[in-house]
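Heads up, the thing below is written out as structure tokens.
The model shown is predicted, which means the values in this text are computed figures rather than measured ones. Atoms within a ligand are numbered from 1 in the order they appear, just like the ligands themselves.
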Amino acid sequence: PGDVLVLAAGDAVVADARLLEARSLEVAEAALTGESLPVGKQVEPLPEDSLLGDRRNMVYSGTHITAGRATAVVAATGLGTEVGKIASLTAAAQPPKTPLELRMEQLGRYLVIAALVLFVVVVGAGFLRGIVMVDILMVAVSQMVSLVPEGLPVALTIALAVGMQRMARSGAIVRSLSSVETLGCTTIICTDKTGTLTRNEMTATTVWLPGDRTYTVSGSGYVPEGGISSDDPDLCLLLEAGALCNDSQLVPPDDEDPRWRALGDPTEAALLTLAIKGGVDPARLRDDWPRGAEIPFDSAAKLMATAHGHDGKPGRVFFKGAPEWILKLCGHVRQNGEVSELDEESRGSILASADHLAEQALRMLGFAMVENGGIDEGAGFVPFEGRAVFLGLVGQIDPPREETKAAVGECRAAGIRPVMVTGDHKATGLAIARMLEIAREGDLAVDGRELEAMSGRELVERIDRIAVFARVHPAQKLRIVEAFQSQGHVVAMTGDGVNDAPALARADVGVAMGITGTEVAKSSSNIVITDDRFATIVDAVEQGRLIYCNIRKLLLFLLVTSLDEVVILLGALAFGYPLPLAAVQILWINLVTSGALTVNLVMEGPEGDEMERAPIRTNDPLVDREMWRRMVVMIPASVAATFGYFMWRLGTGAPLVQVQTETFTLLAVCQWFNAVNCQSPVRSALGPGLFRNRWMLGGLLVANVMQFSVVYLGPMNRLFHTAPIPMEHFFIIGALASGVMWAEEIRKFFVRRKRRGRAP
Ligand code: ATP
């Protein structure tokens with residue numbers, strides 16, 4: 001309490017606070033008061049007994065600023081706030097289940113049913129064969145336990161957590177675990193342009209004045225060096241408009257950064273640089289023409305206005321914004337210091353010039369002015385329609401980020417289509433999309449108006465050919481997401497503003513921008529990209545696919561282990577042999593042998609072709625055909641080795657404890673080889689692949705030590721019904737168990753050969 005909050009549209013209010021200053025302030029308080037529409041706020045005092053919903057001079061924690069800006073002094077924080085009082089009364093709600101959890105639950109159900117059936121079969125068979133009931137119950141229970149992959153929940157959580165950590169390191173913060181998996185399924189990425197595909201480092205390069213006078217500006221970046229040579233009075237007024245209708249600041253080089261930097265909106269900072277280049281001193285100008293009122297920029301209106309007084313006289317109102325929107329306000333035009341009526345022909349020629357410049361990838365701003373006017377913050381831009389004087393246009397270049405083009409290529413190879421959704425002009429958007437190959441031959445660009453005119457059906461029919469949505473009103477993003485989803489696509493959508501929230505929430509993966517994003521956008525998103533780069537989104541998709549892939553490797557390993565034991569035990573029962581494994585030994589393999597290796601499979605690095613495969617389909621089963629094929633190779637190999645050895649050893653007349661210990665060890669060693677097999681579905685486990693995952697090597701070492709201790713340590717012998725194995729048998733066991741690996745190596749070899757045959 002006592003701190004001052006500086007609030008602007010898109011901010012989340014973090015404490016209850018009394019307003020000190022409010023400019024066109026509107027706050028969405030639905031969460032607190034249930035009021036569905038945003039409420040206007042003011043600073044005047046209110047009667048002491050005003051109800052919560054009527055306290056117009058307060059802002060409350062948990063609400064969001066939807067328009068305007070304000071400063072406010074904090075009155076209460078944490079549980080002392082109005083929402084805090086409610087929160088302490090409400091129990092936390094359960095979040096909905098993620099798709100992965102649902103699939104796991106389904107798998108769990110199947111396993112439980114299988115385990116119950118198995119229990120009945122084992123008890124029945126044992127009973128018929130006359131095995132002592134206590135023994136048979138022990139085995140039947142351990143069979144059930146063996147079928148359930150106990151290590152799975154832990155390994156799964158670690159897989160997701162490790163993935164989230166890796167993603168965070170590369171700049172993508174995952175807010176909900178489910179999106180890690182959904183990312184792998186993404187088929188469309190709808191992305192903003194400014195700052196995401198481009199650098200958001202603006203340089204004004206062109207000024208266009210009525211009468212078709214075009215000036216080129218030299219210099220690049222925010223350095224106010226270089227220039228624009230002219231003594232045109234119209235130019236001077238335009239530069240002043242740009243410097244006054246502006247909330248940004250230029251920061252000269254200092255110890256921290258040797259470059260000129262922009263504080264605030266780069267679009268506006270570029271106008272300050274332009275003004276200085278043209279001989280206007282923004283600081284002096286701001287002192288001479290202090291700002292009275294303003295209508296802040298928002299990407300729905302695409303306009304901004306500020307009113308400036310001078311020596312107490314009624315002042316000037318300056319406007320800047322998208323040229324088409326500016327022209328809607330204008331009834332006059334200023335040329336060579338003279339103001340004249342703006343006829344349809346001039347209007348057309350201004351728009352044509354703006355289009356022409358936009359086609360050169362320039363971000364266009366129009367400027368206008370009303371002399372002797374003031375702003376009524378509540379009425380917005382309506383009172384100015386037809387009254388403003390058009391001043392000119394400024395074109396800014398915002399170069400694409402270097403890495404974007406490669407990331408777009410990577411996306412396409414991965415079966416994901418990138419689509420640009422921008423607030424900017426269609427021609428500018430399309431020019432940049434062409435540079436980056438987001439738009440290719442035959443692709444369409446559609447602007448907000450055309451989108452409005454399209455029926456739902458038309459949109460759905462054409463959507464697969466549209467590469468650029470331009471001049472999009474944030475509300476239209478929602479329509480775009482839904483149209484793609486209706487075609488069966490899994491959509492990732494980026495956003496930063498307040499109005500983007502519905503689209504972010506509706507998208508399968510809502511991606512908020514970490515730098516430019518508002519709190520509202522972030523809280524409706526699944527992922528926050530800390531550096532705002534498109535390439536980071538693509539990296540996150542790759543990570544998502546990797547995690548999914550590793551979860552499947554892990555699952556394969558656990559299922560093979562469980563099924564090995566089940567088949568061996570059933571075989572012994574069916575063929576009338578004594579039990580090949582004691583119950584505790586089954587538990588040992590499931591918990592100790594597997595436990596030492598599962599987590600390590602999760603640490604497996606990428607195969608390298610994650611982004612060359614088609615996206616994972618949301619309805620793909622967790623255990624797919626490839627996994628079944630691999631099980632068909634791996635399970636018979638380990639069962640044949642283990643069971644064959646068991647029969648041979650029984651034949652040699654060795655005591656049962658000895659035979660069981662050796663069989664148990666052989667099965668454990670088979671699982672070591674299985675884990676190595678599961679590291680990759682195609683890569684050979686031998687050669688350099690073996691050393692790729694150091695976690696796996698560590699796990700194997702731990703598993704070895706544990707196995708030796710259970711076989712050779714006296715107390716462990718008693719606990720696990722084991723007996724020391726003669727050394728020569730150890731070599732036979734090792735050689736037999738490695739058969740599992742050789743079998744899988746042969747399968748992998750054929751898979752690789754087939755792939756090579758298919759490759760161009
Ligand atoms: P994207 O949605 O891809 O990030 P964008 O940043 O160009 O695109 P907006 O910020 O909504 O989209 O800008 C839309 C248009 O509004 C711009 O083309 C420009 O003409 C105008 N504009 C942008 N910033 C300002 C500003 N600060 N003041 C006035 N007009 C602006």
Side-chain angles (χ1 to χ4, degrees), residues 8-10 69 189-202 204 241-248 262-272 294-306 318-329 351 354-355 357-358 361-368 381 393-398 400-401 404 418-433 436 438 445 447-448 468-477 480 493-500 503-504 511-513 515-518 521 529 532-534:
R69 49 187 190 156
I189 302 180
C190 292
T191 169
D192 277 348
K193 173 180 70 69
T194 311
T196 312
L197 298 169
T198 64
R199 293 216 290 251
N200 204 11
E201 283 168 16
M202 305 283 172
L244 287 174
C245 189
N246 196 316
D247 288 320
S248 71
L263 216 63
D265 185 346
T267 305
E268 296 186 346
L271 294 174
L272 294 182
E294 67 185 286
I295 309 178
F297 174 76
D298 88 84
S299 52
K302 296 189 171 46
L303 288 173
M304 164 174 179
T306 54
F318 287 112
F319 302 87
K320 79 175 193 306
E324 314 92 286
W325 269 257
I326 284 285
L327 276 176
K328 275 204 190 122
L329 303 180
L351 280 178
D355 282 359
L357 291 169
L362 292 181
R363 178 180 175 80
M364 298 306 299
L365 282 175
F367 292 84
F381 293 99
L393 302 168
V394 169
Q396 304 186 337
I397 189 86
D398 175 19
R401 292 177 185 273
T404 312
V419 175
M420 181 193 284
V421 180
T422 177
D424 214 334
H425 193 281
K426 183 161 123 180
T428 315
L430 190 60
I432 302 263
L436 294 171
I438 288 178
D447 70 18
V468 177
F469 290 92
R471 282 283 189 253
V472 169
H473 187 285
Q476 292 176 321
K477 284 189 170 183
I480 298 172
M493 167 69 91
T494 66
D496 46 20
V498 191
N499 302 326
D500 292 337
L504 289 178
V511 184
M513 295 299 143
I515 303 172
T516 55
T518 54
I529 299 290
D532 290 13
R533 288 161 58 237
F534 179 72

Note: heavy atom closest to atom 22 (N) of ligand 1, options Trp325, Phe297, Phe469, belongs to Phe297

Do Leu430 and Met420 come close enough that some side-chain heavy atom pair is under 4.5 Å?
no

Please examine the side chains of Val394 and Lys320, heavy atoms only from C-beta on, and report whether any two atoms are closer than 4.5 Å.
no

Which of the ligand 1 atoms, numbered from 1, are nearer than 4.0 Å to a heavy atom of Ala322
20 (O), 21 (C)

Using a strict 4.0 Å cut-off to heavy atoms of Lys193, name the atoms of ligand 1 that fall inside it.
1 (P), 3 (O)

Could an N or O of ligand 1 be found under 3.5 Å from any N or O of Asp424, whether backbone or side chain?
yes

What residue and heavy atom of the protein are closest to atom 23 (C) of ligand 1, and at what distance?
Arg363 NH2, 3.1 Å

Decide whether an N or O pair under 3.5 Å exists between Pro323 and ligand 1.
no

Compare Met513, Met364, Lys302 and give the one whose heavy atom is closest to atom 19 (C) of ligand 1.
Met364

Part of Asp192 within contact of ligand 1 (heavy atoms, under 4.0 Å)
both

Name the closest protein heavy atom to atom 11 (O) of ligand 1, giving the residue it belongs to and the distance to 0.1 Å.
Ser299 CB, 3.0 Å

Shortest non-hydrogen contact from Gly366 to Ile326?
O-CG1, 3.5 Å

Could you tell me which atoms of ligand 1, counted from 1 in the order shown, lie closer than 4.0 angstrom to a heavy atom of Glu268?
26 (C), 27 (N), 28 (N)

Among all the protein's non-hydrogen atoms, which is closest to atom 6 (O) of ligand 1, and how far away is it?
Thr194 OG1, 3.1 Å

Leu365 heavy atoms within 4.0 Å reach ligand 1 at atoms 19 (C), 20 (O), 21 (C), 22 (N), 30 (N), 31 (C)

I need the minimum non-hydrogen distance between Arg471 and Gln476, along with the two atoms involved.
O-OE1, 4.2 Å

Going from CZ on Phe381 to CG on Leu303, what distance comes out if it is rounded to the nearest 0.5 angstrom?
4.5 Å

What's the shortest distance from atom 8 (O) of ligand 1 to any protein heavy atom, and which residue and atom give it?
Thr422 OG1, 3.0 Å

For the residue pair Lys426 and Val468, establish whether any side-chain heavy-atom pair is separated by less than 4.5 Å.
no

Taking all non-hydrogen atoms of both residues, which atom of Ile480 and which atom of Cys190 are closest, and how far apart?
CG2-SG, 4.4 Å

Below 4.5 Å, heavy atoms only, C-beta onward: do Phe367 and Leu271 meet side chain to side chain?
yes

Specify the protein heavy atom at minimum distance from atom 14 (C) of ligand 1: its residue, its atom name, and the distance to 0.1 Å.
Gly423 O, 3.2 Å

Among Arg471, Lys320, Lys477, Glu324, whose heavy atom sits nearest atom 17 (C) of ligand 1?
Arg471

Student check: side-chain heavy atoms of Asp532 and Asp496 closer than 4.5 Å:
no

Establish, from distance only, whether the side-chain atoms of Asp424 and Thr194 form a donor-acceptor pair under 3.5 Å.
no

